[in-house]
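First the structure, in the form of structure tokens, and then the observations on it.
Since this is a predicted model, take the numbers as computed values, not measurements.
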Amino acid sequence: MSVAGPTPPHGTSIDRRVLRKLAAAISSTALLLGAPALRAQQPPPAQAQPPSIVPPRLIGSAQVTYPNGATGEASVVLFLTIGQDGAVKDSKPVEGEEPFTSTAAAAALSWRFEPATRDGKPVTARIRFLIKFTPPAPPEPEPPAPEADAGVPAPPADAGAPSDAGAPSTPPAAEKPPPAAGPKSIDVTVYGRRAPPGAVSFGRAEVRQLPGAFGDPFRAIEAMPGVTPIVSGIPYFYVRGAPPGNIGYYLDGVRVPYLYHVGLGPSVIHPGLVDRVDLYPGGYPAQFGRFAGGIVAAETAAPRTDPHGEGNIRLFDLGALVESGFANGKGTALLAGRYSYTAAILSLIAKNTKLDYRDYEARVTYDLTPRDRVTLFSFGAYDLIGQTENGIYNTLFGSEFYRLDSRWDHQFAPGSAMRAAVTLGIDQTRVPGQPRNQRDRMLQARLEGTHAFTDVTTVRGGADITVDQFRADTRPFADPEDPDTIRFNGLFPARDDVATGAWGDVVFKLPGVEVTPGVRVDLYKSGAASAVGIDPRISSKIKLANRVHMIHALGIAHQPPSFIIPVPGLAIGSLQGGLQRSLQSSAGVEVELPESITATVTVFDNVFLNMSDTLGVAQRGNRGEALLGEKRSLGSAKGLEVYIRRRLTSRLGGYVSYTLSRSTRSVGTEHFPSLFDRTHVANAALSYNLGRNWRAGTRFTFYTGAPSQRAGNSLIPQPIDPHPPRDPAFYRVDIRLEKRWILSKTAWWAFVFEVLNTTLHKETLLGRSIGPVTIPSIGLEAGF
Amino acid sequence: MRAARPSFIALLAVAAATAGCLPADDRPPPGKLLMTASPSPAVEQGVTTVDGWLLTFQRVTLGIGRVSLGDGCNSYSEARYDRILDVTKGSGQKISEQYGIGVCDVRFRVNVPATDAVLGAGMTEADRAVMRTPGTDLYATDAGVTIWIEATASREGVTKTLRWLFRQPYRYESCGVKIDGQIAAGVNLVGSENQTFDIGVAAERLFRDDIQEATAALRFDPFAAADANNDGQITLEELGKVELSKIRGLGPYGLDADAGDGGDAHVEAGKADAGDMDSGDMDAGDMDAGDGGPRGITTLQDYVYNVLMPTLPRFRDTGSCVAIPGTGGGHHD
């Protein structure tokens with residue numbers, strides 16, 4: 001279930017539909033509660049209320065257990081009276097149905113708030129508080145990308161520049177000035193952060209219901225519009241024509257080198273920690289830079305002071321997450337991780353082979369003051385494949401990364417916040433074929449802030465500097481004249497790279513029109529080479545009619561030369577070949593349909609200049625440079641995306657995602673489709689609550705074949721067919737079945753059976769049959 | 001949760017974020033195998049054939065490399081690249097070095113050099129260009145050059161020159177060494193021990209009149225006679241007009257597949273065996289049937305191109321290899 005912050009005032013009679021919409025809008029607020037991002041969206045006090053009024057602020061998170069025996073989603077609105085000591089003196093439901101209302105009202109009495117203040121003195125306050133129940137989701141909140149309802153002061157879109165999770169709890173902003181002194185009530189409004197125009201989001205609870213994703217939020221990316229898979233089951237993909245190496249991954253604003261264990265396994269971040277994954281396929285906010293393709297940005301769940309946890313055990317791995325508060329709720333500590341025992345299983349099958357992966361996440365937060373929170377967040381992942389031959393063990397491939405992010409979040413006032421952070425990191429890979437360890441030691445400092453000047457204008461900005469120290473072990477046993485070694489050393493020299501940049505944008509929120517122009521400037525230095533990228537961006541959301549919006553996004557993005565796929569510690573040095581550039585544009589219409597269904601139709605047109613997409617031009621015959629070299633090309637991707645969605649956590653939820661696209665490359669005088677151009681990509685999923693805590697889902701994935709072109713083996717360059725034959729189309733069906741048992745108000749466990757590619761379909765790639773790649777998963781999950 | 005726990009977590013986090021966990025390469029030190037190429041004494045100094053021709057070689061250039069250690073041993077590193085070597089420029093020219101432990105099946109290739117092939121002594125970009133210029137002959141289409149021979153034969157004031165470009169690539173496997181008269185498969189690489197194995201390039205074998213070492217002799221008269229236009233230049237095409245059946249009176253020009261004492265050499269895909277020619281174990285018996293390659297062995301050109309040419313590179317003086325005809329135009333695999 002998810003818990004939202006205080007609701008806006010709607011008089012004595014609150015329309016349920018409005019509340020439902022608000023619930024959707026605010027549900028993500030539960031996770032964003034207290035975030036600078038959220039604060040930035042609130043009406044600025046200077047304009048909307050006397051600045052001397054500070055509304056009550058929830059300490060920690062508000063937890064309510066989904067009622068035992070209940071079914072379906074529900075919303076409850078409570079009137080809470082918060083005493084001068086921060087305790088909830090009274091809790092009365094004003095909207096909702098049993099047993100949700102009584103459960104919510106009872107739970108609220110245990111919550112703690114920072115009391116409201118007037119001229120610095122605590123006062124009693126009365127607020128509305130919306131609680132949304134979502135079955136059979138685990139206890140963590142559910143984060144859609146909501147939008148404030150018409151009629152309430154509209155927040156700027158995505159006004160929160162700093163990541164929200166881990167930030168101090170947000171004091172709700174007062175919508176109207178409170179009455180005179182004395183213990184009188186105030187109404188407060190909290191707005192959820194909306195995804196920026198053009199972004200697609202999936203929350204954790206939804207991903208749990210997505211067949212074939214195995215509960216991993218990052219696995220849901222491949223189901224999003226604009227995403228073209230390379231091979232079914234392998235989570236590397238093109239996004240609106242951009243190759244995997246041009247897509248940036250972030251967790252709470254921290255760069256992550258790769259998302260999946262051993263390239264194709266589960267994600268490297270424990271799913272229980274990930275609150276939401278946003279895909280920015282293009283025209284992304286100025287906050288994101290240094291990648292010319294797309295951005296995958298995940299955010300962690302907000303800290304919780306109540307002891308809670310979850311665990312799962314599956315065929316190949318087990319994972320756990322625990323979190324609790326300390327220091328009377330001022331601090332929280334979280335520990336999570338996943339460990340694969342595939343090595344033990346594999347040893348029964350192939351005794352000489354070793355496969356090992358694991359990840360961990362640790363987070364400590366502490367509220368220094370009601371407006372200051374410090375966070376220490378560390379996470380990392382480790383993968384290893386080895387083999388013992390003739391009694392000698394050899395690591396064939398290994399990769400790892402670790403991050404330590406220390407942050408200070410400070411709220412100046414409602415609508416004004418900043419984050420200062422320093423991140424340490426190390427990426428390392430045992431490079432196959434070399435073999436040696438190549439590593440990157442990273443140090444990043446960043447400063448982000450947001451300030452709402454008026455109801456209309458919010459300014460966001462930030463700056464950062466990142467130093468990457470790339471080093472490699474000396475290749476111990478190798479022919480020094482081997483061109484591959486020489487080329488490798490040339491592409492990945494030992495060096496110190498510096499990237500520094502600043503960005504800023506302004507969110508103008510006018511009636512029916514929201515426009516966000518922005519720009520970022522990055523300076524890249526690698527070895528003796530340097531370059532500057534200037535990336536203007538602009539997005540808009542225009543209300544055409546009730547429930548109908550037009551969304552535009554336009555931007556330029558720069559990126560240093562990229563490797564084929566993201567590999568920890570491997571980055572092409574010295575800016576060889578220069579920066580890549582992309583011009584990303586999209587336009588779409590978003591329609592809110594009945595039954596909580598949203599539909600979006602988007603057309604996009606991306607141009608990639610000086611693009612390093614070795615995979616996409618592999619049919620040209622890269623000869624010796626295929627893997628290590630650089631082939632620059634002019635790329636183009638045009639297409640149409642259709643996305644119709646009803647939340648998967650609804651009793652009957654589902655989505656249809658369809659992409660019609662054409663991705664081409666030009667090299668010299670040749671113009672041809674990208675090697676992974678797929679004209680049609682479609683995903684459809686249904687999830688249905690069968691009752692009695694049974695839930696079943698299925699997902700259908702279909703895409704047409706990529707060009708069936710191979711590099712010729714002739715010395716005479718062969719012209720590339722601009723209209724090559726295609727591999728056959730592929731489809732697969734995934735299923736998911738879950739039975740959940742509620743043990744108590746807070747404890748539950750579940751049995752989950754899931755299969756990717758139930759139909760055992762084989763795929764054809766470059767004329768070769770692959771698979772079938774079928775992944776079964778049987779597991780138990782539990783939480784408290 | 002007690003306050004000590006967050007501190008402990010923080011310490012762990014700091015430690016993890018500043019040091020990696022991947023193991024270093026802690027395998028035992030391997031043995032080093034340095035592969036080199038040298039001219040045969042005949043290539044180096046010239047040789048007189050049984051019919052009195054003095055053969056001298058001005059160029060024996062080949063694309064050679066991509067040495068691998070095969071299965072059965074622990075290969076630490078292989079050098080899968082080509083070199084363009086002219087063995088007339090010197091002995092012991094490096095092909096590549098590789099590392100491993102155990103008894104390794106050494107494999108190498110003679111093929112069209114890749115774009116990144118390393119130039120050997122005296123080689124220039126012009127030589128690379130010749131080797132990579134596609135051409136077509138009876139046995140290869142639009143292929144570059146694998147072996148480039150330039151030689152002169154003279155006798156009693158008559159001089160014949162030849163410039164032959166062979167385009168058929170070969171990969172050589174199951175290379176062994178002769179120990180106490182027996183062929184032992186592979187090379188035994190011992191930790192921290194350096195070994196050098198030399199591939200002798202015996203271009204004079206192109207003029208042998210048999211594949212049996214015991215009966216073969218170097219004979220040039222059939223070649224001289226092939227110079228139909230008497231311009232002094234003997235081309236491969238002119239050899240194609242010489243029927244083997246008509247010169248067998250001069251020499252055996254046999255194709256029998258009798259296994260010699262090498263024992264382990266054999267033919268792959270009906271092609272020639274470049275192995276232990278000393279033991280006469282060429283198995284070309286099927287070639288007359290026409291299934292030994294692109295065409296049967298019926299002319300002197302066939303004989304030189306498909307039977308004798310693969311025998312030029314020899315793994316050590318006493319070793320053997322199996323030659324397997326390959327394809328490819330000089331690209332990396």
Point to revise | Distance (rounded to the nearest 0.5 Å) between B/Arg80 CZ and A/Asp479 CG | key: 13.0 Å

Review point. Of all the residues in residues 94-101 of chain B, which have a heavy atom that comes within less than 4.5 Å of a heavy atom in chain A?
Key: B/Lys94, B/Ser96, B/Glu97, B/Tyr99, B/Ile101

Point to revise | Minimum-distance pair of heavy atoms, taken over all atoms of A/Ala478 and B/Ser77 | key: CA-OG, 3.7 Å

Revision key, fill the gap. Rounded to the nearest 0.5 Å, the CG atom of B/Asp116 sits from the CZ atom of A/Arg487 at a distance of 5.0 Å

Review point. Heavy-atom distance under 4.5 Å to chain B: side chain of A/Asn437, backbone, both or neither?
Key: side chain

Check your understanding: Can you say whether A/Ser399 sits under 4.5 Å from chain B via the side chain, the backbone, both, or neither, judging by heavy atoms?
Key -> backbone

**Study point:** Region of A/Ile392 in contact with chain B, defined by heavy-atom distances below 4.5 Å
**Key:** both

Check your understanding: Picking from A/Arg430, A/Glu389, A/Glu481, which has the most non-hydrogen pairs under 4.5 angstrom with chain B?
Key -> A/Glu481

Point to revise | Which portion of A/Tyr382 sits near chain B, non-hydrogen atoms under 4.5 angstrom | key: side chain

Check your understanding: Got a second to check how far A/Thr485's OG1 is from B/Tyr81's OH, nearest 0.5 Å?
Key -> 9.0 Å

Revision key, fill the gap. Heavy-atom closest pair (A/Pro483 atom, B/Val118 atom, distance to 0.1 Å) is CG-CG2, 4.1 Å

Point to revise | Choice from B/Gly65, B/Ala117, B/Ala24, B/Gly102 maximising heavy atom contacts with chain A below 4.5 Å | key: B/Ala24

Check your understanding: What part of A/Ser406 gets closer than 4.5 Å to chain B, counting heavy atoms only: side chain, backbone, both or neither?
Key -> neither

Point to revise | Shortest non-hydrogen contact from A/Asn390 toward B/Asn74 | key: ND2-OD1, 2.9 Å

